[in-house]
**Student:** 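Have a look at the structure that comes next, please.
All ligand and atom numbering here is 1-based and tracks the order in the structure. Everything numeric in this text was worked out from a predicted model, so none of it was measured.
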Amino acid sequence: MFRGLINSFKNTSKLHSTTFFNSNNCSRSFVHISQQLRKVHLMADKEKVFKFAGIQLLCGDNKEENVQNAIKHIDEAAKNGAKLISLPECFNSPYSTATFEKYSESEEGETVKKLSEAAKRNQIFLIGGSIPEIDKETGKIYNTCFIFNDKGEMIKKHRKIHLFDIDVPNKIRFKESETLTPGDSFSVVDIGYCKVGVAICYDIRFPELAMLYSKMGAKFLVYPGAFNMVTGPAHWELLQRGRAVDNQVFVAAISPARNPSSTYQAWGHSTIVNPWGTILATTDEHQSIIYSDIDLNTLNETRSSIPIYSQKRTDLYKLDSINPINPI
Ligand SMILES: NC(=O)CCC(=O)C(=O)O
């Protein structure tokens, strides 16, 4: 209630201070009180800070070893104080259309069970990178990120919406759609500190999705991803900083480490960016964990300094979800 009162006072005081300023003593005290209240409002709105960890895992052909390695690193990141942890795309299998089916598991499988246990044991929110997921009813295979709360409950699964189908002549050709089916729902979860939007790798190239997530209240966008040696150097960082600045949100993209013996050479360089576009943490191609405090006060500062949200010309253009299952 206190915050509600202050909010309405903040709005009216803005109006009154411009209308009556300097007209008489009474209005000057009114302005003074309104300034004090706005200070109290800012203090009342001070956001909590939490630590995020992105695990750049070295992934190979052995599924069991990949999962064990992931769990070991989750335990380490949690011990170091992370409250939200993300794994990379396709962390329990090779990133290859030829093997997605062989490695696929349903949501009742061993990988999901292990991730759930790790989230519960460490009392952390976990964005489980992605795995090839088989839908037992339809037999379709998806590139899926399972997301867990700090009790180990699965709170969402994001099936990659935009499949990575590209052909850059003489450089790289990849067609996820040869074996995968695209998902069709949005994934924004509440982790207590803020809402987090989750999407996978190629999904980052679609600014509309990031805008929709931001419109749904996400203040942090996390993309488990695996760019390659062609598009990685050119676009990986640029896309993250673009999504961050466009929407004034935190963005993280978490990659597998580069494995010289795999057919797909991941770019690595997992990165965390703040709403100003500043890189908070990054790394090279090797296995490592990157950490950063996610300080939502800096998000509020950016948004109040450059108020694009209130300046949007919604009388001229508008972005809406047309999927009735996922209203915004
Ligand atoms: N796994 C992916 O979706 C790769 C996306 C990618 O490399 C790109 O350039 O986009």
**Student:** Who pairs with Asn274 by side chain to side chain contact (heavy atoms under 4.5 Å, CB included), at least two apart in sequence or on another chain?
**Tutor:** Phe250, Trp276, Thr278, Leu280
**Student:** Which residues satisfy the side chain to side chain contact (heavy atoms under 4.5 Å, CB included) test with Ser104, sequence neighbours excluded?
**Tutor:** Pro132, Ile134, Ile141
**Student:** Tell me the residues surrounding ligand 1, counting only those with a heavy atom closer than 4.0 angstrom, sorted by chain and number.
**Tutor:** Glu89, Tyr95, Lys160, Phe164, Cys201, Tyr202, Arg205, Ala226, Phe227, Asn228, Thr231, Tyr264
**Student:** Just to verify, what does Ser130 make a side chain to side chain donor-acceptor pair (under 3.5 Å) with, not counting sequence neighbours?
**Tutor:** Asn143
**Student:** In a check of ring-ring contact (aromatic ring centres under 6.0 Å, His included) between Phe220 and each of Phe52, Phe125, Tyr213, which one passes?
**Tutor:** Phe52
**Student:** Identify whether Tyr223 and Met211 are in the same connected component of the hydrophobic contact network (ILVMFWY, side-chain heavy atoms under 4.5 Å).
**Tutor:** yes
**Student:** For Glu137, I'd like to know if atom CD has over 12 heavy atoms of other residues, nucleotides or ligands within 6.0 Å.
**Tutor:** no
